Amino acid sequence: MCRKNFTTTTTTSFFPNTYFTDHESLPSFKESITTFTQTYPKYSDTKQVDRIRGQEYYHLSLSNRICLDYIGIGLFSHLQHQTHQNPVSPSSSDLHNDFPFFSTTYKSVNLKSHLLHGGEGSEFESSIRLRIMEFMNVSSNEYCMVFTCNKSSAFKIVSEGYPFATSPKLLTVYDYKSEAVDTMVSASEKRGAKVMSAEFKWPRMRIHSAKLRKIVERKRKKKKTRGLFVFPLQSKTTGASYSYQWMSMAQENGWHVLLDACALGPKDMDSFGLSLIRPDFLICSFYKVFGENPTGFGCLFVKKSVVSIMEESTCVGIASLVPANSSSFQIDEEKTPEPSKQIVISGEKNVEYRGLDHVDSLGLMLISTRTRCLINWLINALTKLEHPNTETKTPLVQIYGPRVRFDRGPALAFNVYDWKGEKVEPALVQKLSDRNNISLSHGFLHQIWFGDKYAEEKERAMTGGSAKKTKGVQEIAVVTAAINFLANFEDVYRLWAFVARFLDADYVEKERWRYTALNQKTIEV
């Protein structure tokens, strides 16, 4: 399955010249997985993932729920969670227990002083910090690292300490609306920053290179620092991948670079390696256990050579990780605990980070192969759904961003359209998927540039209830799905089968009546 032939192999092997107009006409799961494994023989090399999923994340099978609603990395496995908290045989009743290893407490500190003189924190925090830096392939000789409440806090902390007075520009590269980036933009504008954004070409959502290059490159030969360039290597909404040469260009033209690693695959930092381009700031986040409430924390890495240029600022989003004791005492996460309560419990110092260990044992190539096969099969399958009895052959699904591509990311943005060509509200699609035990998400695409030939499509995309304007910027509401490294073929097949149900013109109405009827309970006295 080489890069050169990947797209052709995918599009010609699965349902060539075939379209499905009825959800009952889809090929069976058994038939589909046979074709899938024959077409992608390297997928069979990833059976180790299935073993890890069955042994360490058995709750996914017990709950029969498909988790396609977020990309990220978990520190611990579900089995670890259960063994630590409740050493009895697993049952479906204990799927949502709070995680017992540690709590997160928040503190208000001066970031610059904290980076220069804050030390390593407790032994417990130091062990987590070292493990994460090893996992992210980041050297402690070159970078400082602080824990933050979440991803948004990390972005806000940078914007509050960055020297916008002398380096006044903030340039972001996001094809979707991000709460974290919005938080950074708001804080930066209050401090006088001039905020700019890249634009993305409709319909594949590729970076508008000419426009971005014009902003990034210096107009004069002055060596003055321009500002902060905030860049993800791929979109966690559309799955579009971007060249890290943009970061190189930014550095050559006097920008500080912040790499947002939150949307990267579990071992993508190994390929990037920070060997060529060492960003000035790097942000990532970790949740506790995959398939549960994705609580966790953020990590902000600051290059040591940059600390001196940061401005004095008091930040409220910096976090401490406090071990929970053996009696499952949980510290209130809204308050900073008394020092007497911040005790490292005997036996908790050497916590295993089995979630990270699993990813490390699988490695970049195996994980990339698995997610690449699954996301591209799904995209191809969704494009084969077509409304029946329509003269114009109306497709059921519109995909935003890259289609079948070897190097696309594991995220997908799409919308469902009814037989009249009207968009089904993304929030409604998400709600119905949830009732079918499939967790999806929804969000907004923005900063879209339409060429002249797409004027008609622009009119269609930018009208209707799920398009809106925020601060004058047009946004398109979309459904999103994310393929994590533990996903399997059954997950993507079930999502395809669910979406195909919208081929029934009355599906939404039937569901509305069905759940109205189910919720009408009669109480007999």
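All figures in this text were calculated on a predicted structure; none of them were measured in a lab.
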Looking at residues at least two apart in the chain, or sitting in another chain, which of them share a ring pair (Phe, Tyr, Trp, His ring centres under 6.0 Å) with [X]?
X: Phe229; value: Phe231
X: Phe301; value: none
X: His256; value: Tyr162

Practice problem: Examine Trp377 together with Phe489 and report whether their ring centres are nearer than 6.0 Å. | Solution: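 Aromatic pair counts; centres sit under 6.0 Å.
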Quiz item: Would the Tyr287 and Tyr70 ring centres measure less than 6.0 Å apart?
Solution: yes
Quiz prompt | Asp491/Arg53 salt bridge by N-O under 4.0 Å criterion | solution =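 Looking at Arg53 and Asp491, the cut-off is met.
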Practice problem: Using a strict 4.0 Å threshold on nitrogen-to-oxygen distance, state whether Arg206 and Asp175 make a salt bridge. | Solution: no
Quiz item: Ser186 side chain to Asp182 main-chain N or O, any donor-acceptor pair under 3.5 Å?
Solution: no
Self-check item: Thr225 side chain vs Gly227 backbone, donor-acceptor pair below 3.5 Å
Solution: no
Quiz item: Less than 4.5 Å apart, any side-chain heavy atom of Phe286 and any of Leu75?
Solution: yes
Quiz item: Is there a side-chain contact between Thr369 and Asp45, using heavy atoms and a 4.5 Å cut-off?
Solution: no
Quiz item: Taking the inter-plane angle between the rings of His59 and Tyr57 on a 0 to 90° scale, is it parallel (under 30°), tilted (30 to 60°) or perpendicular (over 60°)?
Solution: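 Plane angle between 30° and 60°, so tilted.
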Quiz item: Nearest heavy-atom pair of Leu233 and Ser243: which atoms, and what distance?
Solution: CD2-C, 4.4 Å
Quiz item: Which pair of non-hydrogen atoms, one from Gly443 and one from Thr480, has the smallest distance, and what is that distance?
Solution: N-CG2, 4.4 Å
Self-check item: Test item: side-chain donor near acceptor, Arg213 and Asn253, under 3.5 Å
Solution: no
Exercise. Compute whether any side-chain donor of one residue and acceptor of the other, for Ser159 and Arg191, lie under 3.5 angstrom apart.
Key: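 Side-chain D/A pair, Ser159 to Arg191: absent.
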